[in-house]
Amino acid sequence: MKNTDLNLQQKKAVELIGGPILIFAGAGSGKTRVLTHKIAYLVEEVGLPSENILAVTFTNKAADEMKQRVQKLLDMDCSSMSVGTFHSISARILRREIHLLGYSNDFVIYDQDDSRALVKKMIGNLELDEKSFVPKSVQTQISNAKNKMISPEFMASTVEGFMDEKISEVYSEYQKALKQNNALDFDDLLLKPLEIFKDFPIRLEYYQNQFRYVLVDEYQDTNRPQFELVQALSKEHRDVCVVGDDDQSIYSWRGADVNNILNFVEIFGESQVIKLEQNYRSTKTILECAWAVVSKNSSRAEKKLWTENKQGDKLALFECSDERDESWKVLNTIRNEIVQGDYDFNDLVVLYRTNAQSRVIEDVLRKEGIPYEIIGGIKFYARKEVKDILAYLRIILNPSDGVSFDRIVNFPPRGIGKSTLKKIHNLAYENDYTYLRALGDFDYLSIGKKQKKTLHEFNQLIHKYRTSYKEEGAASITRDLLADIDLQAYYENQNSQEALERWSNVQELVNSIADFQENRNENSLREFLEEVSLLTDIDRWNVSDKAVTLMTIHSAKGLEFPIVIIIGLEEGLFPLGPQSYETEALEEERRLFYVAVTRAQEKVYLSYANARRRFGGIPSPTVQSRFISELPRELVNGNNIESYIKVKNISRNSYTPSASVSQQNTLFSIGDHVEHKLFGKGKILAVEGSGGNAKLTIVFSGNIRKKIIAKYAKLTQR
DNA sequence: CTTAAATACTTTTTT
DNA sequence: AGTATTTAAG
């Protein structure tokens, strides 16, 4: 193996073995290369069998890539090596071990929607008011508790006050219901292995031996259960290597604790620490800008990236009148880079803070025929029509799954309404068996003749597949099922574009199942459903597709692009939220901006709008993000797109800036920078009337908004 | 129980 | 503005 294409620090990181190792790897410092080489080194030089290596990555896609790269380095089959996300590795362990906790190995994994539906039901069961106990919020609180490893019992013993007491009850009931449904939510996936390791030390020992060397990528974004998993697995042999960058910690809202990396040495004992500070990705300009911003943060490990790359272009900043204007400027930028810059569509990415921002951009790109791909937002497998089919498959696999039962018992509509459903629930509850089982006892249900017949048929249908699913492939089961419930007719009879689209999504699902079957050795229904639950949009994304990518900054973690366009740089949007930021939240937003900028190899475009619509209402004025002013002035170009994007040859698509409020005969106009004797520097957001009588809405520093009559105000234009 | 119309809600970020 | 949920009419 050749470690010659590694720099000194990288080489050291690769060849250092024995005891805990912490690698601080800045953006673009080649950490994936270090990790893959290290794994190869472990196998080839240290002689560790590849199946004794556990490598944890942040996405399934990263896991696949890592495996590929190691295989290439070693030129041998590494399929027995454990590479995956914490969630997928845990799921794999649980398929073998969860019977120890009284679940069946056919458990299903509930996504956020499923889990919310269950929380909602528990709120109903406890006769709580959904107005005060909003399912979504209760779900978040339960998840937060789980991330802090607070059990329902512990929560119950510590809560004070009615609200918290009831939430703790919901939590407890929710956990019971999950078990009854033989289901796990995302948080359980991490917690259950820990439970097993604690209660059955012999199983822990087994996995400690199995995973003789443990590597973890993106360690700065691990939460408490993930940290405990790493610790449990490695505490005997202490052969553990974690890689991360505290400056890129952007998941604290999900329970990630940057202290896991900052206190690594303290926790794991005598360790080796290596810093990778040479960046191979970006231009000097980009790094200087990124550094200028992130160095404003207080609590960070000391390190500074440098590069031998060229100085590169300045960052470009666009001022836009609103989000519509912004999307046209994005379009022009893309066109310009394709035509003049000799770039391909897939060299560009548009990054934003919230998924909602993608729609406007998408509209323009679609209209103008620019190929694009949106990552995130409404995920394919989370679409209603897809989940309906998955619910059928899940209940075939796991008849205890009540959430799926509720979903499909009346889909497509077969005359089973709320009251009938309630009766089924009650019967199941009284006899302590599954909803599906209750259908066999419909003699005990006081329901109409028609309903009995329908339920009987539905029951027969599910049983038919329950007896045959093990022999048949997942794709053919699905095809048969669709025919049995005559779904095509259901959608086609609706005579709407929307219904047809839904039907085509269902067909795409069938294709993806067939695809899965062909490409996997393990191709049963169970494996497919597991894969689907843990798959994200980014895992489905094909880098080489010739299309511009649109995604959130969170999704862009770990990726790189020649050209990065960051939109929506406005106070309240990015940084997101009310201005009364606590330092910690603001610092995380700043790290997010750092992550966004450091995705770029060559060019960065930034944009902000002077007004933006929220929920499709009228545009409300906005102020430039503070992050813009934190960039070194001399490294940022322009304030107006016209000045450096030559709008030529594209007159067909030239836009007229969405006309804002009339500004004639006014001394002041929107966007002017002014100074007030009392309030200091400010910017005009709106002008009503004209001349000296004009009423000006001005935002002053500190986001203080004032309405001022022009002639009375002692304003100086700047 | 179903369908259509009114209404309420959405926008943090994701495994 | 677009989607999901609730309500009213049939």
Side-chain angles (χ1 to χ4, degrees), chain A residues 56-63 84-91 109-113 115-117 120 130-131 134-136 140 143 146-147 184-191 218 221-223 225-226 249-256 323-324 351-360 362-363 375-379 381-384 410-421 447-448 450-451 454 493-494 496 498 530 532-539 551-557 568 572-578 585 588-589 591-593 595-596 612-619:
Chain A
V56 185
T57 57
F58 205 68
T59 63
N60 295 296
K61 190 184 172 63
T85 63
F86 275 106
H87 289 85
S88 66
I89 300 279
S90 296
I109 299 167
Y110 278 179
D111 70 9
Q112 224 160 350
D113 288 344
S115 132
R116 186 168 305 159
K120 196 174 162 178
E130 277 191 26
K131 292 256 156 50
V134 183
K136 189 178 167 183
T140 307
S143 177
K146 287 179 154 192
N147 281 329
L184 302 181
D185 65 14
F186 284 139
D187 301 320
D188 282 345
L189 241 27
L190 304 173
L191 294 171
E218 306 283 8
D221 279 324
T222 49
N223 63 17
Q226 290 168 336
S249 154
I250 54 175
Y251 280 93
S252 70
W253 50 274
R254 202 168 81 182
E323 72 277 0
R324 195 89 201 135
L351 299 180
Y352 34 79
R353 181 65 233 284
T354 65
N355 282 305
Q357 288 165 263
S358 68
R359 178 162 288 140
V360 208
E362 180 182 13
D363 278 352
I375 312 293
I378 316 129
K379 292 161 189 68
Y381 290 110
R383 285 167 190 273
K384 185 192 174 302
N410 195 36
F411 177 86
R414 41 171 80 89
I416 307 303
K418 227 191 221 157
S419 57
T420 311
L421 190 60
I447 54 174
K450 208 172 143 192
Q451 273 77 21
T454 322
N493 289 340
Q494 292 181 21
S496 71
E498 197 195 326
E530 175 168 321
V532 158
S533 325
L534 298 177
L535 217 54
T536 66
D537 260 21
I538 204 130
D539 300 320
M551 64 173 119
T552 63
I553 301 161
H554 282 91
S555 313
K557 179 160 118 158
L573 182 59
F574 193 16
L576 181 75
E588 179 144 321
E589 295 289 314
R591 287 194 293 272
L592 200 52
F593 185 60
V595 169
R612 191 174 288 272
R613 287 174 185 80
R614 250 176 93 81
F615 308 132
I618 49 158

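Chain naming here is simple, since letters A, B, ... match the order of the sequence lines and numbering starts at 1 in each. Keep in mind it's a predicted model, so treat the numbers as computed, not measured.
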Note to self: Closest-nucleotide mapping onto DNA chain C: is A:Lys418 or A:Asp363 further toward the 5' terminus? I mean the 5' end.
What the structure shows: A:Asp363
Notebook entry, point to check: Reckon A:Asp111 touches a base, only the sugar-phosphate, or nothing at all at heavy-atom distances under 4.0 Å?
Noted result: nothing
Check: What's the spacing between A:Leu421 CG and A:Gln451 CD if we round to 0.5 Å?
Finding: 12.0 Å
Check: Looking across every strand, which nucleic acid part, if any, lies under 4.0 Å from A:Arg591 by heavy atom: base, sugar-phosphate, or nothing?
Finding: nothing
Notebook entry, point to check: Which heavy-atom pair separates A:Leu351 from A:Thr552 by the least distance, and what is that distance?
Noted result: CD2-O, 4.1 Å
Checklist line | salt bridge (charged side-chain N to carboxylate O under 4.0 Å, His left out) partners for A:Arg612, two or more places apart | finding: A:Glu326, A:Glu570
Next item on the list: Mark yes when over 12 heavy atoms from residues, nucleotides or ligands other than A:Lys384 sit less than 6.0 Å from its NZ; otherwise mark no.
Entry: yes
Check: Expressed in whole Å, how much space separates the P atoms belonging to B:dT13 and C:dA4?
Finding: 16 Å
Item checked: salt bridge (charged side-chain N to carboxylate O under 4.0 Å, His left out) involving A:Lys557 - partner list, sequence neighbours excluded -> A:Glu218, A:Asp221
Next item on the list: For A:Asp363, check salt bridge (charged side-chain N to carboxylate O under 4.0 Å, His left out) against everything at least two apart and list the hits.
Entry: A:Arg366
Margin query: I'd like to check the salt bridge (charged side-chain N to carboxylate O under 4.0 Å, His left out) partners of A:Asp111; sequence neighbours left out, ordered by chain and number.
Written below: A:Lys387
Item checked: Range on DNA chain C touched by chain A - first to last nucleotide, heavy-atom distance under 4.0 Å -> C:dA1 to C:dG2
Checklist line | C1' spacing across the pair B:dT12 / C:dT5, given as an integer number of angstrom | finding: 23 Å
Checklist line | Closest heavy-atom pair and its distance - A:Ser252, A:Glu588 | finding: OG-OE1, 2.7 Å
Next item on the list: Scan nucleotides 3-15 of chain B nucleotide by nucleotide, 5' to 3', and note B when protein non-hydrogen atoms come under 4.0 Å of the base, S if they reach only the sugar-phosphate, - if neither.
Entry: -------BBBBBB
